[in-house]
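Along the sequence shown, residues are numbered consecutively beginning with 1. Nothing here was measured: the structure is a model prediction, and the numbers come from that model. Heavy atoms only: backbone and side chains are in, while hydrogens, waters and symmetry mates are out.
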Amino acid sequence: MAETSSPLFAQYEREYATKSTEASRKIQSLGPLRGDQRQKRVKEAEADLLEAEHILQRLDIEARSLPPVTSRALLQKLKDYKADIAKLRSDAKTAGTSSAESRAELGLGNEYFQTSAGQRDRLLTATDRLGKTSDRIQAGRQQLLETEELGISVLGDLQRQRETILHSRDALAGVDEGISRSRAILSSMSRRIMQNKIIMWGIVALLLGAIGLIVWAKLS
């Protein structure tokens with residue numbers, strides 16, 4: 001498709017490619033068919049070719065409405081399209097009148113893929129495969145994003161748990177420090193009590209000694 005064609009021409013060209021490809025595929029599928037089934041498939045292919053010809057007429061009108069430089073290139077392309085349709089119509093006619101058709105007689109052997117219709121068929125098949133591959137890549141990318149979001153969520157949970165553990169450790173350190181201070185205070189109080197007891201017993205001993213001396217002095 002030329003980049004200088006109009007949007008309407010591009011739309012018609014896509015419709016033509018789809019319809020001509022459908023017709024060529026139906027003609028290719030005639031090999032194993034016989035009798036009424038074969039004739040029915042031939043009529044379906046001829047109907048598709050007729051629609052393709054109508055689309056070509058619209059393409060011709062649109063191409064002639066464009067600037068001369070663009071119009072000449074597009075009209076040359078339309079000649080190739082018309083030749084392809086004429087070839088497909090000849091194949092369909094042959095298939096409808098012959099009782100011993102083969103792919104070679106219909107021009108559906110390897111040489112078919114050298115024609116514009118065959119190349120379009122290959123292109124559409126490749127495009128379909130590319131679309132499926134793109135879908136698989138998109139699905140894998142979506143799964144990767146979901147996995148990344150899950151990893152971020154897990155890391156967030158681990159960070160919160162780490163902060164909780166650090167907070168608990170700080171609280172335990174505060175408790176240990178409080179216990180150490182209490183133990184030091186108790187030790188200090190215990191020493192003071194012992195000192196007070198020693199002083200008290202010293203005073204008692206002095207008093208007893210003084211009383212003993214007084215008694216001894218009076219008796220002597």
Leu207 reachable from Ile199 in the ILVMFWY side-chain graph, under 4.5 Å edges | yes

Under 4.5 Å between side-chain heavy atoms, hopping through other hydrophobics if needed: is there a path connecting Leu75 to Ile55?
-> yes

Measure the spacing between [atom1] of [X] and [atom2] of [Y] and express it to the nearest 0.5 Å.
X      : Y      : atom1 : atom2 : answer
Leu8   : Leu59  : CG    : CG    : 8.5 Å
Asp170 : Ile165 : CG    : CD1   : 12.0 Å
Ile27  : Thr94  : CD1   : OG1   : 9.5 Å
Phe9   : Leu66  : CZ    : CG    : 7.5 Å
Ile193 : Ser188 : CD1   : OG    : 10.0 Å
Gln76  : Ser71  : CD    : OG    : 11.5 Å

Which heavy atom in Ser65 sits nearest to a heavy atom in Glu62, and how many Å separate them?
-> OG-O, 2.6 Å

Which heavy-atom pair separates Ser20 from Ala52 by the least distance, and what is that distance?
-> N-CB, 4.5 Å

Under the salt bridge (charged side-chain N to carboxylate O under 4.0 Å, His left out) rule, what do Arg181 and Glu177 come out as? Steps first, then yes or no, please.
-> CA-CA 6 Å; Arg181 285 198 300 268; Glu177 185 179 355; 3.0 Å; yes

Side-chain touch Arg162/Leu166, heavy atoms, less than 4.5 angstrom | yes

Heavy-atom side-chain contact between Lys82 and Asp60 under 4.5 Å | yes

Between [Y] and [X], does any NZ, NE, NH1 or NH2 come within less than 4.0 Å of an OD or OE carboxylate oxygen?
X     : Y     : answer
Asp36 : Lys40 : no
Lys43 : Glu46 : no
Glu44 : Arg41 : yes
Glu53 : Arg89 : yes
Lys19 : Glu15 : no

For the side chain to side chain contact (heavy atoms under 4.5 Å, CB included) test, which of Asp48, Leu88, Leu49 pairs with Ser24?
-> Leu88

More than 12 foreign heavy atoms under 6.0 Å from CE of Met189: is that the case here?
-> no

Working for side-chain contact (heavy atoms from CB on, under 4.5 Å), residues Tyr81 and Ile85 | CA-CA 6 Å; Tyr81 289 167; Ile85 290 296; 5.6 Å; no

Does Gln161 have any side-chain hydrogen bond (donor to acceptor under 3.5 Å, both in side chains) partners at least two apart in sequence or in another chain, and if so, which?
-> none

Quick one: does Arg38's side chain have a donor or acceptor within less than 3.5 Å of a partner on Leu30's backbone?
-> yes

Determine yes or no for a side-chain-to-main-chain donor-acceptor pair under 3.5 angstrom, with Ser90 supplying the side chain and Ala86 the backbone.
-> no

Donor on one side chain, acceptor on other, Tyr16 and Glu51, under 3.5 Å = no

Residue list, side chain to side chain contact (heavy atoms under 4.5 Å, CB included) with Gln57, at least two apart or on another chain = His54

Would you mind listing every salt bridge (charged side-chain N to carboxylate O under 4.0 Å, His left out) that reaches into residues 182-207, with sequence neighbours excluded?
-> none

